[in-house]
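No hydrogens, no waters, no symmetry mates; every other heavy atom, side chains included, goes into these values.
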Amino acid sequence: MTFTIIRIIPYSYNAKKGVLYLKNDGILLLKNKLSYIEHDYKKILNKQSLKKSLINIYNVRNKFTHEPHNLSFGFSVGGQTSYSIGINYKDELQELSTIDLQVIVKELNLIYEKIKKEFICNVKNYDKKYRKYPIYKKTQLYKFSNYNKNITILPKYFDNYNSNNWEMENE
């Protein structure tokens, strides 16, 4: 899970400065073609309610890669809709929660919906030869935003949300 999040959101953490920052990798290599991508990804990293979780994800992934012998299972708690785990690194507890991950996934779905709309528009207007390919037809039918309807968002995440349409409000 921690590896996947960092692949999808290429970021790093500077512990001395306490700063999360984007790396020019993965989808961010398209920032010259998708002008909004860097801004939208920075919004995820700058969301205060997610900062601790993003740092924990980064730390667990980093420690698992470089110091797996210093990691141990701390706790696991969950129910039908949410789950939390704790992983001990030496004397530090790193907590990961599905509730926090749901907010990250929701944000990513909004970004991917923008990318999908731009892709479809470009094919319709400029690259008509690609209309015959199955990926184009499949992309038209796929709705990332449909997944957001089933995501439970806790009140601590409502600071920048309009709960009526699950879209980010203008900041």
Please walk me through it: do R7 and T4 pass side-chain contact (heavy atoms from CB on, under 4.5 Å)?
CA-CA 5 Å; R7 277 189 212 123; T4 303; 4.2 Å; yes

Do I87 and Y89 have side chains that approach each other closer than 4.5 Å (heavy atoms only, starting at C-beta)?
no

Shortest non-hydrogen contact from S53 toward L96
O-CD2, 4.4 Å

Please round to the nearest 0.5 Å and tell me the distance separating atom CG of N122 and atom CD of E118.
5.5 Å

Check: I104 and I57 side chains under 4.5 Å, non-hydrogen atoms:
yes

Any link between I55 and L93 through a network of hydrophobic side chains (Ile, Leu, Val, Met, Phe, Trp, Tyr) touching at under 4.5 Å?
no

For G18 versus K51, what's the shortest heavy-atom pair and its separation?
O-NZ, 2.9 Å

Starting at OH of Y36, measure out to CD1 of I111 and round the result to the nearest 0.5 Å.
9.0 Å

Gap separating the CD atom of E107 from the CD1 atom of I44, nearest 0.5 angstrom
5.5 Å

Separation between CD (Q140) and NZ (K117), nearest 0.5 Å, reads 13.5 Å

Please find the pair of heavy atoms, one from S12 and one from Y58, that lie closest to each other, and give the distance.
OG-OH, 3.3 Å

Is any side-chain heavy atom of I115 less than 4.5 Å from a side-chain heavy atom of L34?
yes

Given side-chain contact (heavy atoms from CB on, under 4.5 Å), test Y133 with T139 step by step and report yes or no.
CA-CA 10 Å; Y133 292 106; T139 303; over 6 Å; no

State plainly whether one hydrophobic cluster holds both F73 and V77, where clusters connect Ile, Leu, Val, Met, Phe, Trp and Tyr through side-chain heavy atoms under 4.5 angstrom apart.
no

Between NZ of K47 and CG of L20, what distance do you get to the nearest 0.5 Å?
14.0 Å

Which value, rounded to the nearest 0.5 Å, describes the distance between N46 atom CG and H39 atom NE2?
9.0 Å

If we only count heavy atoms from C-beta on, is the L50 to L45 side-chain gap below 4.5 Å?
no

Side-chain contact, heavy-atom cut-off 4.5 Å: K31 with Y41?
no

side-chain contact (heavy atoms from CB on, under 4.5 Å) between L110 and K114: does it pass, once the steps are laid out?
CA-CA 7 Å; L110 294 173; K114 278 186 189 178; over 6 Å; no

Path from L29 to I37 over hydrophobic side-chain contacts below 4.5 Å
no

In terms of heavy-atom contacts, V60 and L71 come closest through O-CD1, 4.4 Å

Would you say E38 and K42 make side-chain contact, with heavy atoms under 4.5 Å?
yes

I135, I120: one ILVMFWY side-chain cluster at the under-4.5 Å cut-off?
yes

Ignoring hydrogens, what is the shortest heavy-atom contact between E67 and N70? Give both atom names and the distance.
OE1-ND2, 2.8 Å

Under the salt bridge (charged side-chain N to carboxylate O under 4.0 Å, His left out) test, which residues partner K116, sequence neighbours left out?
E113

With ring centroids as reference points, do Y11 and Y13 lie under 6.0 angstrom apart?
no

Hey, quick one: are L30 and F144 part of the same hydrophobic cluster, counting side-chain heavy atoms closer than 4.5 Å, chains of contacts allowed?
yes

Heavy-atom closest pair, residues K132 and K137
O-NZ, 4.1 Å

